[in-house]
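Beneath this line is the structure, given in structure tokens, with notes to follow.
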Amino acid sequence: MADTKREIERKYESDDSGLPDLTGVAGVEAVVDKGVVHLDATYYDTPDERLVASSVTLRRRTGGSDAGWHLKLPVSEGVRDEIRAPLSDTLPGELAALVRSRVRDVEPVPVIRLRSDRDVRHLLDADGQLLAEVSVDAVHAERLSGGVGDAQWTEIEVELADGGDPAFLDKVEKRLRKAGVRPSRSASKLARALAETAPKRNRPAGKDPVTAGDHVLAYVRAQRDAIVALDPAVRQDVEDSVHGMRVATRRLRSAFKSYGKVLDRAVTDPIGDELKWLAGELGVDRDREVLSERLSAALDEVPGALVSGPVAERLSAWAGERPGGASARLVGVLDSRRHLALLDALDALIADPPLLGAAGRKPRKVIAKAVRKDFRKVAGLVGRALELEPGTDRDKAMHEARKKTKRTRYAAEAARPALGKPAKSMVKSMKALQNLLGEHQDGVMARRTLRELSAVAHAAGESAFTYGLLYGREEQRAAAVEAELPGFWDGIRGAADAL
């Protein structure tokens, strides 16, 4: 079985490769020499180095107290989740699954061997508790594929103790910098080893977005990267990971539709259909979970004397028991040929984008026009909803307005690098409108569910009183939203004028 450890560390280099005295660091009572450990690690990646390009490392290491397979996934700068599996001759299946979105059908192969002599020190506080582990690593890197040669260097690594305060690392860094030690130029040992043993070749310099196509593709690439990066988190049932991946699929679909003058929809529409499928699969459990939370919270506000029958039990049964990890169904979706083909299609689109004439033009005019067009559609749908009487037709109109508002919000997000403050203001307005209309739609779904639960309860001979009470409260909430909408819309209806 794999286990996960949050790793918070910083890497440094110095001209003399020595470790300065750290007894002067605030909070450090003792520096304890733990001796030298010999580590031997083989790093795996695809031949085109997809993992390291995503700041992911996969290794098999012997020596030290944690020999085995290690997969490191980035969390934020200087923070990674290290997922460990026992030592074996082949890559454990549970780790292979966590890199599948990045490697697809390509089997990771050994690319670098790193042998390190690690001289370890423990920084202890007055109670003898570990604050951080500091090591001086003498590293020898050997290229195993994709290049030739080897490299050697020495670096200093400071890793925070489990549960420690990250601010302590700032204190250690202050002392190190005072002694002439500087932060490492490489994010990891693997990145440095690959760079120093890579074959010499000319690589094209990166460029800032210039055209409308550059801006749209940058947004598309960011959403593709989000889908790929969130895959391991979804499999591990990390909080909000399913929602994050679902949002990325929606942003991509919206970009394809909003910027149809930039990217050829004959190419993007089929991909958009697959993104819709993925979003639907991701939403199967999520939508019911959100609605269940809403109904349970509403029931908690009802005085006990007004709760008639086993209402909480029926709500719980309707919601279903949520498993302690990602459902087998969802993992099956992520492992499916259809999903992997979608990721391949996104890669192909980014590598060879189907650019139209507008893509080569200056971004401001092209992108602003697309956002204004989406906003006009929102205006028409909101106007229609306000003309209708309360009821089913208005509910449907407000739901359509919400969907178009979300699309306009995402179009404005993509426009921010090109348009700046006006696009940022549009995002803020559309998010607020989306939340208002979303509250209304959640109420529609809640009332539908309450009718169904009431009918089931009645058929079982139970009182339907409490379901009716909850239904009435949902009606009041919906009426409040509908009453608020005209004034709210008046306040933002000119949001596109600044674009």
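The residues of the chain are indexed from 1 along the displayed sequence.
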Work out which heavy atom in A423 is nearest to a heavy atom in A412; give both atom names and the distance.
CB-O, 3.7 Å
L58 vs L91, test: side-chain contact (heavy atoms from CB on, under 4.5 Å). Steps then yes/no.
CA-CA 9 Å; L58 174 64; L91 176 62; 3.8 Å; yes
For K431, I'd like to know if atom NZ has over 12 heavy atoms of other residues, nucleotides or ligands within 6.0 Å.
no
Which heavy atom of A478 sits nearest a heavy atom of H440, and at what distance?
O-CD2, 3.9 Å
Spatial distance of atom CG (L469) from atom CD (E301) [nearest 0.5 Å]:
11.0 Å
Between R104 and D347, is there a salt bridge with N-O shorter than 4.0 Å?
yes
Inter-residue atom distance T249.OG1 - L278.CG, 0.5 Å rounding:
5.5 Å
Exercise: identify the closest heavy-atom pair between F168 and A132
CE2-CB, 3.8 Å
One pair to check against side-chain contact (heavy atoms from CB on, under 4.5 Å): Y43 and V52. What are the steps and the verdict?
CA-CA 10 Å; Y43 288 77; V52 72; over 6 Å; no
Can you find a pair of side-chain heavy atoms, one from R451 and one from R447, that are under 4.5 Å apart?
yes
Work out which heavy atom in P354 is nearest to a heavy atom in L349; give both atom names and the distance.
CD-CG, 3.9 Å
Quick one: CZ on R224 to CD1 on I271, what's the gap to the nearest 0.5 Å?
11.5 Å
Can you establish whether the number of heavy atoms outside H243 located under 6.0 Å from its atom NE2 is more than 12?
no
Would a distance-only check, ignoring hydrogens and angles, find a side-chain to backbone donor-acceptor pair under 3.5 Å from T449 to L291?
no
Do you know the tightest heavy-atom contact between V262 and G213?
CG1-CA, 3.8 Å
Side chain D45, main chain L51, donor-acceptor under 3.5 Å:
yes
Describe, in one word, how the ring planes of F375 and W489 are oriented to each other, choosing from parallel (under 30°), tilted (30 to 60°) and perpendicular (over 60°).
parallel
Any salt bridge between R246 and D287, counting N to O under 4.0 Å?
yes
With side chains defined as the heavy atoms from C-beta onward, is the minimum distance between K72 and V56 less than 4.5 Å?
no
Lys/Arg-Asp/Glu bridge criterion (N-O < 4.0 Å) met for E159, R10
no
Residues R409, E413: salt bridge by 4.0 Å N-O rule
yes
Residue of the set L433, N435, L436, D374 for which side-chain contact (heavy atoms from CB on, under 4.5 Å) holds with T405
L433
Begin from the C-alpha positions of R329 and E281 and carry the test side-chain contact (heavy atoms from CB on, under 4.5 Å) through to its verdict.
CA-CA 9 Å; R329 181 198 63 78; E281 294 291 343; 2.7 Å; yes
N-O pairing of R235 and D231 below 4.0 Å:
yes
Evaluate whether atom CZ of R372 has more than 12 neighbouring non-hydrogen atoms of other residues, nucleotides or ligands under 6.0 angstrom away.
yes
For the side chain of S101 and the backbone of V228, is there at least one donor-acceptor N/O pair under 3.5 Å apart?
yes
Is there a side-chain contact between M398 and L485 (heavy atoms, below 4.5 Å)?
yes
What are the two closest heavy atoms between Y467 and S454, and how far apart are they?
CB-CB, 3.8 Å
pair L230-V242: side-chain heavy atoms closer than 4.5 Å:
no
Backbone N or O of Q129 within a donor-acceptor pair of the D127 side chain at under 3.5 Å?
no
Between the side chain of S463 and the main-chain N/O of F465, is any donor-acceptor distance below 3.5 Å?
yes
For the backbone of S54 and the side chain of R102, can you confirm whether one donor and one acceptor N or O come within less than 3.5 Å of each other?
no
L123 side chain reached by V25 side chain, heavy atoms, under 4.5 Å
no
Is there a side-chain contact between R50 and P108 (heavy atoms, below 4.5 Å)?
no
Note: R394-E389 ion pair, threshold 4.0 Å (strictly below):
no
Between E157 and K11, does any side-chain N to carboxylate O distance fall below 4.0 Å?
yes
Look only at the side chain of S429 and the backbone of S425, and say whether a donor-acceptor pair between them is shorter than 3.5 Å.
yes
Any sub-3.5 Å donor-acceptor pair from S336's side-chain atoms to H339's backbone N or O?
yes
Sidechain N-carboxylate O distance under 4.0 Å for D81, K5
no
To the nearest 0.5 Å, what is the distance between CZ (R253) and OH (Y410)?
11.0 Å
Go through the steps for K171 and R175 under the test side-chain contact (heavy atoms from CB on, under 4.5 Å), then give the verdict.
CA-CA 7 Å; K171 299 176 183 178; R175 176 70 185 90; over 6 Å; no
Side chains of Y259 and V220: does their closest heavy-atom pair fall under 4.5 Å?
no
Apply the test salt bridge (charged side-chain N to carboxylate O under 4.0 Å, His left out) to residues R314 and E462: give CA-CA distance (whole Å), side-chain angles for both, the deciding distance (0.1 Å), then the verdict.
CA-CA 11 Å; R314 285 217 172 272; E462 300 166 5; 2.8 Å; yes
Any side-chain to backbone donor/acceptor pair from S254 onto R251? Under 3.5 Å, distance only.
no
Looking at L334, L95, D335, which one forms a side-chain contact (heavy atoms from CB on, under 4.5 Å) with R100?
D335
Using a strict threshold of under 4.0 Å (side-chain N to carboxylate O), is an ion pair present between R84 and D66?
yes
Straight-line distance of H215 NE2 to L419 CG, nearest 0.5 Å:
8.5 Å
Ring of W277, cation from R338 - is the NZ or CZ under 6.0 Å from the centre and inside 45° of the axis?
yes
Under the 3.5 angstrom rule, does the side chain of S296 hit a backbone N or O of E293 as a donor-acceptor pair?
no
Would you call R402 and E400 a salt bridge, taking side-chain N to carboxylate O under 4.0 Å as the test?
no
Are R294 and E474 ion-paired here, with the side-chain N under 4.0 Å from a carboxylate O?
yes
Over 12 non-hydrogen atoms of neighbours within 6.0 angstrom of CD in E313:
yes
With a 4.5 Å heavy-atom cut-off, do L98 and Q236 have their side chains touching?
yes
For the atom pair NZ (K403) and CZ (R250), what is the distance rounded to the nearest 0.5 Å?
10.5 Å
